[in-house]
Amino acid sequence: MKRILRLLAAGSLCAVLLSGAVFAEEASGTTASPAEMKAVVLQAGQDFDPAAGESDSKAQLDAAMSKIAEYGMNAVFFPANTSDGALFAGETWPMASSYDLLGYAAEAARAQGLSFYVLFDASCGVDGQGQYGAHGNLSAAAIQSSSKVLGELTGTYQPNGVYLTGYYNQKTAESMSIYRSEGASMGYDNWVRECVSSLVVNASAAVKSAKSDAVFGLVTDPVWANQTTDPAGSATEADFEMATDAYVDLNAIFAWADVDQVMVRCTGSLTDEAQNFKTVLTWWAQTASQYGAGVSAWICNDRLGGDEPGWKAPDQVMRQIIETRAVDGCVGAAYGSLSALDANAGGSTDVLLRYYADQIEEQDILTDLTVSTPEKRTYTTQEPQVNFYGASDPNFPLTLNGKELERNSEGVFSVEMNLEPGLNTFTFEHKEKSVVYKITREVVIIKEVSPSGSMTVEGSTQVGVTVMAYSGSTITASLGGASVTLTEQELTGDTADGNTSSYVPYKGTLTVPAATESQQDVGNITVSGTWSGITQSASGARVYVAALPQQAPGVEGEKGHLVEVTASQARTYPAGVLNNDPNGSCFPLPKGTVDYIVSDKLTYYDDTYGSGEYYILGSGVRVSASSVSSLGEAEWQLSSLSGANSWADGQYVYVSFARSGRKTAYTVSFDGVGYSSSGGVNSFAGATSMVVTLKDTRADTAAPGLASNNLLSGVSLSQQGNDTVIRFDLRKAGSFLGYRAYYDGDNLVFRFNQIPNGLSGAKIYIDPGHGGYDGGTSISGMYTEKALNADIANRVADILRSRGATVQVTDTSGYVSLDSRVNQSQSFSPHLFVSIHHNAGVSSAKGTEVYYFNPYSRQLAANLSGGVAGALGTTNRGDKYGAYRVTTHMEFPAVLVECGFLTNPDELSKLQNDSYKNAIATAIADGIQNTLTSML
């Protein structure tokens, strides 16, 4: 009754129109529909031909309904009429076809299990003379005719719902004439609007009267009103506004008509600034929801691939569907063109159907093309190759210079491209986006030469030469008439982590002439490099050979220059080679150790470690000048061992020697172990004892009796000239977990890690690499090494703890320096240290590798490398010698695991999978456990 009173107040037109109408007392509410509408709008003349013969048009409809069902849709919208006539059988309007098309369409749709909705075009109907056709203006006769026909249609065909189109009105000379005859008392503007409202009200009443549970809906244009026209409008810029150009009064319609649904014809894309899809749909949903109505989107998929903003991208429809699911009150979508779905532009329909089948993640569709590496789009480089890393939507093609690229299942790609001398242009294209790189290559074979500057060395010293040059080059170095071909190395150490450069180190040694009575100028180190038929040269340091050096005193009365170790643990280096590289065969000297220096201060500069200043000691090792202080001239003395003792606690066994006299230097070696020139070992499995040679020391005591322990089987002392040899015999060959030597007053103490009972009682330190602002390797900002390192580290820790180990993990939520990691691990006093990283390289690089430094870490490295490679299903690149800051511990075995290559799309995909990460973590835990149990 509210509707009747409201319309009667509007004027005589409504009174006339309502005289034959039947209304429910209140709106019946929104009718149930599919959980998510997935519909197709069939277009007359495009998807079927109303003018075709009955058999042909039926075949067309059968094929269309079958295709819609095949696509997994659940509803179809079918036009009830066109400008040529009705597509259904009735007494009021002429038919545009030779038979009842709508009736057959309803039957065919239901046979396929599809909900059937009717689109009724109210802009077509009979005029005042009873002639059918399109009309631009509404009249009482047109409204009454439409309502009557709608009631008959709904009652006859019982559709799931009826959606009204063409219900607009205009101001024209014809409409003014109609106004004068039908509604002159209410004012022209009011009358034009009331015609629209009355049409919708009567249409709704007719449908609901004929079928109370039928959905009654309106098809709208995108914009009711721009905000500049009406503050209640949308943030759009449309030329056509329903409020002002079609005289649609939404307040009146929603207040008095029983409207269940609004289907918005969304012509704009998600990047259209004027009629943005999301803006339009959200506004309609919010507006309709105020009146208890729902909203669906009419997807204009026929625009796909066109030049309008956003529509060129093949994922535009998919993105719109994702938005419909995110808008409150939106019940789904209808595709405005079946033929456009069939066209499958850019594979869009294939992707859509996979998405509906829950075979695609929304995040994939929402991924735009990103090329994260290189960061700069235009730059000059000396590299012969460029490595591109990025991500894209894996459901649509990605091309580089017109050629499709392979990616992993997440759309991540990694590709290496050769650079020609001069300008190189690379164009990535994906969906609607292009990324263009312009890279100019300068050919520079030799990038760096070390040493550089000026250096003075002892006679017959082997000078280490390192040249950074293109991989695959032939590099030779010469000095004073002698030359050597340098060997290409794999980049290791802290500078190698995440490195993707084509420059690699080439290393070799040049032996300088023997010393003479005076200093010699040998000249500059010269380097020649040949790559791909191109030869270039460069110079390194100018080398001087010092005059004959002083010898360490060895008898009473001789003097020399003494220095004392001031560092807690002074790193030592081979004396016969001058470079800055740490060496795994050289063991540290504890604070308080004294020795004679037998060289002037030696300086070696390289770009990795910077400037290193050294002294050669009488004991035959080289130490950093910063780790010792001068004690001045002193006569030679012979010290002695005056006592020995041993004790043990839960983790360590200690052996202590009381000293009289100076705390002389010593060297350490292992019986049964052979070293390579770099410091790595072939194997530690044959190690039977640790041998300490104390310089200038006499053994005036017997060997101590060992405290009960499971590491050492005995200790013996022997004399070799002026030196005392201490031999620590191992209970089991190769079973050794490191040591620390220190002075406790005058007592030299050796502290050895006992071997735990498997993981029970073991202390393990796990160090995930990077952290905080240091993300390590990153792929498109989506996959950061620090996050993956921490993830696997915590999984390893959980497994180890479950097996009885005590575990500490570096907290990398913030940045942690390398020195801090070393200090934290030493404070924890673990049995084993494992640093977890992931690699970077060219796209084809793959596999697992583990680095070790001290000799007794090699077996752990080998166990972990094989185990992790097996878990990841990749290449085992093996255990490798490498001087990383965190692996150069001597107190316990320490390794750095490179689990896999983030720059390899296949490995990256696996490394994002929980099952693989669990398998890797288990393999690391197993490798640790097997290493410990094998020592018992």
Side-chain angles (χ1 to χ4, degrees), residues 36-52 56-57 59-79 82 105 108-109 112 114 117 119 219 222 263-272 275 277 296-324 332-357 359-360 364-366 368-369 392-399 402 404 429-434:
E36 179 185 11
M37 177 189 288
K38 303 173 187 176
V40 175
V41 179
L42 289 182
Q43 303 284 353
Q46 179 176 312
D47 298 317
F48 65 95
D49 183 5
D56 288 342
S57 59
Q60 293 169 2
L61 288 175
D62 286 338
M65 299 301 179
S66 176
K67 178 67 72 172
I68 293 170
E70 180 184 326
Y71 284 153
M73 304 297 169
N74 54 27
V76 63
F77 283 81
F78 193 82
T82 69
Q112 294 289 346
L114 302 171
Y117 295 90
L119 290 174
V219 177
M263 181 183 288
V264 185
R265 196 187 301 269
C266 298
T267 56
S269 71
L270 283 159
T271 58
D272 190 325
Q275 299 178 46
F277 177 91
S296 56
W298 179 308
I299 305 293
C300 296
N301 60 320
D302 55 324
R303 293 177 171 238
L304 197 61
D307 293 330
E308 296 93 339
W311 285 105
K312 187 176 181 180
D315 68 335
Q316 179 61 214
V317 167
M318 276 298 318
R319 288 175 177 260
Q320 291 185 7
I321 294 302
I322 291 172
E323 287 297 339
T324 64
Y335 299 93
S337 172
L338 176 61
S339 59
L341 286 174
D342 289 340
N344 194 24
S348 56
T349 302
D350 292 338
V351 176
L352 175 69
L353 301 185
R354 288 171 55 208
Y355 175 70
Y356 277 145
Q359 297 173 354
I360 293 177
D364 289 342
I365 296 297
L366 298 177
D368 286 321
L369 171 63
S392 59
D393 180 352
N395 303 290
F396 295 97
L398 166 67
T399 62
E404 188 166 349
E429 293 183 299
H430 177 64
K431 296 195 287 197
E432 199 177 16
K433 185 175 181 180
S434 296

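Since this is a predicted model, take the numbers as computed values, not measurements. Numbers for residues simply follow the sequence, beginning at 1.
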Restricting to non-hydrogen atoms, name the atom on [X] and the atom on [Y] that form the minimum distance, rounded to 0.1 Å.
X	Y	answer
Leu304	Ser348	CD2-OG, 3.2 Å
Pro50	Gly45	CD-N, 3.8 Å
Ile321	Ala333	CD1-CB, 3.7 Å
Gly346	Phe396	O-CD2, 3.2 Å
Met263	Ala334	CE-CB, 3.7 Å
Thr271	Pro309	OG1-C, 3.7 Å

Taking the side chain as C-beta and beyond, is there a heavy-atom pair between [X] and [Y] under 4.5 Å?
X	Y	result
Tyr71	Lys38	no
Asp315	Val351	no
Gln112	Ser66	yes
Val317	Tyr335	yes
Cys300	Phe277	no
Glu323	Gln320	no
Ile322	Tyr355	yes
Gln316	Leu270	yes

Asn395 and Ile365: CA distance, side-chain angles, deciding distance, side-chain contact (heavy atoms from CB on, under 4.5 Å) verdict: CA-CA 7 Å; Asn395 303 290; Ile365 296 297; 3.6 Å; yes
Starting at [atom1] of [X], measure out to [atom2] of [Y] and round the result to the nearest 0.5 Å.
X	Y	atom1	atom2	result
Leu398	Glu404	CG	CD	8.0 Å
Asp56	Leu61	CG	CG	11.0 Å
Tyr117	Ser296	OH	OG	9.0 Å
Glu36	Asn74	CD	CG	8.0 Å
Leu341	Met73	CG	CE	5.5 Å
Tyr356	Met318	OH	CE	8.0 Å

Is Trp311 reaching over with its side chain to a backbone N or O of Thr267, donor-acceptor style, under 3.5 angstrom? yes
Using atom types as modelled and distance alone, determine if a side-chain donor or acceptor of Asn344 lies under 3.5 Å from a backbone N or O of Thr349.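 Checking the backbone N and O of Thr349 against the side chain of Asn344, a donor-acceptor pair under 3.5 Å is found.
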Given Phe78 and Asp47, is the side-chain contact (heavy atoms from CB on, under 4.5 Å) satisfied, shown in steps? CA-CA 11 Å; Phe78 193 82; Asp47 298 317; over 6 Å; no
Does NZ in Lys312 sit with more than 12 non-hydrogen atoms of other residues, nucleotides or ligands closer than 6.0 Å? no
Candidates His430, Lys431, Glu432 - the one meeting side-chain contact (heavy atoms from CB on, under 4.5 Å) with Leu369: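 Testing each of His430, Lys431, Glu432 against Leu369, the sole residue satisfying side-chain contact (heavy atoms from CB on, under 4.5 Å) is His430.
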Under 3.5 Å, is there a donor-acceptor pair between the Ser269 and Glu308 side chains? no
Flag the pair Lys433 and Asp393 as a salt bridge only when some basic side-chain nitrogen lies within less than 4.0 angstrom of an acidic carboxylate oxygen.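 No salt bridge links Lys433 with Asp393.
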